[in-house]
Amino acid sequence: MGSLGFSLSMIASLSPTLTDSRLVSSVGCISTIVAPSLSSISVVYSPVTKRRARNSGLRYSAASPSMETTADSDVSVVSPATSKKVLVPIGYGTEEIEAVVLVDVLRRAGAEVIVASVEQKLEVEASSGTKLLADVLISKCAEQVFDLVALPGGMPGAVRLRDCGILEKIMKRQVEDKRLYGAISMAPAITLLPWGLLTRKKTTGHPAFFGKLPTFWAVKTNIQISGELTTSRGPGTSFQFALSLVKQLFGESTAMSVQELLLLRDGYQNPKNEEFNSMDWSLNHTPRVLIPVANGSEGVEVVTIADVLRRAKVDVTVASVERSLRITASQSTKIITDKLIGEAAESSYDLLILPGGLAGSERLQKSIILKKLLKEQQETGRIYGATSTSSTVLRKHGLLKEKKTVVYPSDTDGPMNDQMIEGTEVVIDGNVITSLGLATVTNFSLAIVSKLFGYGRARSVSEGLVHEYRGNLTPF
Ligand SMILES: *[C@@H]1O[C@H](CO)[C@@H](O)[C@H](O)[C@H]1NC(C)=O
Ligand SMILES: *[C@@H]1O[C@H](CO)[C@@H](O)[C@H](O)[C@H]1NC(C)=O
């Protein structure tokens, strides 16, 4: 039906009723919407009903509490009745999209997720180079009981997990006690198999490691549930994997609500990519990309854009606009950036990409150095872009004039712009690229790869991700 699923977080945070203190309860820095209010606010509307919604006062922004007032409240979390405890271990070379999507989606569903390092320290460099900060060392988890233990893949991450004796013990107890466990991409073959935890269980995994799975039990599906064990294929299937785990922990309706939050569409829907004023983005040197981030930036977006571009051999710098290299992204995902924005500003970049996230976008907007960098990018005709709420940053700095973009719920405080292309996931206009964000960010990143290097490179990167990319059926 081509309906646009707007993020609940965006809608909720713009709505005066929904940010009402009766509905939003704060737990530390994470606010949650209490369950009963959820059904009434999970709005997925088509372009047609959207216009109606705008006219009927659903154009929340009228009373818009500015981004400032919502900066600390993260309402993109569903709060189920039961509490569930989940362990996600990470190690050197863990696949960052798989790890962060698991953590992000499970936390959105209301689970208490503990990210534990199997290394000697909390800081862990992931497989494509993102530095993640774990909550605890694995030794702190040895005696705890988890409702779910879920293993991300990646190399050598899956080997690091396999070689961790404490984790092996936790997992074996998990299986003995018949509690849920899961593994994605390389983790089934490289981690669970040597521990003897795949015996007589149908299993899937990353295509490149499929041959290592026990022959008669290997199945080529994105998700395989075999009793307490759930397995999946790769970064491109990690939303499906995480949502399957949410469903098993909390039930179907929570999974559906979270799926809407993530802008994850059902297969039958067919969102478009569109390009206007087509321009050649190819370069005669390795493209250099700057991704400025702040506390509250969307963790999944930061990590996905960086990972996908690095897989395509782009030189990526993730720079913090905060005082410290360390930032706390959405859903409390802790990332150590490569540079502070001041240092990053000493170089110039072929592309400048702003990840979304309400609180993060607000903080990006306040950075004077970033504002200067963006102006330079515009004046020199270089490429820039934004996902979800960060379009606001570009717009407020005057960088979207005469540019066609995707439609953002967060932009409803401005006049409805003729330049917004409804029903699209990714829009390119000359040197500007925008996207809806969250689950659509893989396609956004692959569109960039396609524009820089051609469709072939985007295609091969998407194969490694186990993500279905049909860029050749669209303009890019
Ligand atoms: C941003 O997050 C970092 C890391 O958690 C923290 O140390 C810092 O105080 C935060 N900055 C602000 C302004 O909240
Ligand atoms: C990404 O693009 C593919 C096709 O190229 C499409 O099937 C998918 O629905 C798009 N969106 C997401 C969120 O993956």
Side-chain angles (χ1 to χ4, degrees), residues 9 13 19 24 26-32 65-77 88 90 94 96 99-104 106-108 111-117 119 121-126 129-137 140 290-306 316-345 353-374 386-390 392-393 396-397 437:
S9 63
S13 50
T19 47
V24 179
S26 260
V27 186
C29 61
I30 301 173
S31 302
T32 51
S66 69
M67 267 157 63
E68 215 151 330
T69 56
T70 56
D72 294 330
S73 55
D74 180 354
V75 287
S76 57
V77 178
V88 177
I90 59 172
T94 287
E96 46 265 69
V100 171
V101 167
L102 261 176
V103 172
D104 186 281
L106 285 157
R107 281 186 178 151
R108 275 175 204 269
E112 181 200 337
V113 181
I114 297 169
V115 182
S117 165
E119 308 293 345
K121 54 193 176 85
L122 295 177
E123 187 181 328
V124 168
E125 186 172 340
T130 299
K131 287 177 220 97
L132 299 172
L133 195 69
D135 304 317
V136 294
L137 296 180
K140 280 255 165 43
L290 179 67
I291 307 174
V293 297
N295 287 355
S297 287
E298 199 60 67
V300 166
E301 295 180 9
V302 175
V303 164
T304 304
I305 299 166
V316 176
T317 303
V318 178
S320 164
V321 304
E322 305 290 351
R323 287 209 181 83
S324 61
L325 285 176
R326 189 185 136 184
I327 63 136
T328 304
S330 60
Q331 311 306 335
S332 306
T333 296
K334 288 174 271 181
I335 298 171
I336 316 223
T337 57
D338 305 316
K339 283 180 181 168
L340 296 180
I341 193 76
E343 191 195 337
I353 301 295
L354 307 183
L358 263 184
S361 297
E362 197 227 60
R363 299 188 66 80
L364 290 180
Q365 193 180 307
K366 284 185 183 154
S367 166
I368 310 284
I369 300 175
L370 178 56
K371 183 177 176 180
K372 199 170 143 271
L373 276 174
L374 284 167
T387 66
S388 75
T389 49
S390 277
T392 308
V393 182
K396 292 211 166 143
H397 291 328

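Atoms within each ligand, like the ligands themselves, are counted from 1 in listed order.
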For [atom], what's the nearest protein heavy atom and its distance?
atom                    : result
atom 7 (O) of ligand 1  : Ser324 OG, 4.4 Å
atom 13 (C) of ligand 1 : Arg363 NH2, 3.1 Å
atom 5 (O) of ligand 1  : Thr328 OG1, 2.5 Å

Check your understanding: Counting N and O atoms only, with roles assigned by atom type, does the side chain of Glu301 sit under 3.5 Å from a partner on the main chain of Gly356, one being a donor and the other an acceptor?
Key -> yes
**Study point:** Enumerated ligand 1 atoms positioned under 4.0 Å from heavy atoms of Arg326
**Key:** 3 (C), 4 (C), 5 (O)
Practice item. Of all the heavy-atom pairs spanning Ile90 and Val115, show the shortest one and how long it is. Key: CD1-CG1, 3.8 Å
Review point. Does the side chain to side chain contact (heavy atoms under 4.5 Å, CB included) test come out yes or no for Val100 and Val302, once each step is laid out?
Key: CA-CA 10 Å; Val100 171; Val302 175; over 6 Å; no
Point to revise | Closest to atom 8 (C) of ligand 1 among Leu325, Leu133, Ile335, Asn295 (heavy-atom distance) | key: Asn295
Exercise for review: To the nearest 0.5 angstrom, please state how far the NZ atom of Lys334 sits from the CD1 atom of Ile327.
Suggested key: 12.0 Å
Check your understanding: How long is the span from the NE2 atom in His397 to the OG1 atom in Thr392, to the nearest 0.5 Å?
Key -> 10.5 Å
Practice item. Take atom 11 (N) of ligand 1 and look for protein heavy atoms under 4.0 Å from it; say yes if you find one, no if not. Key: yes
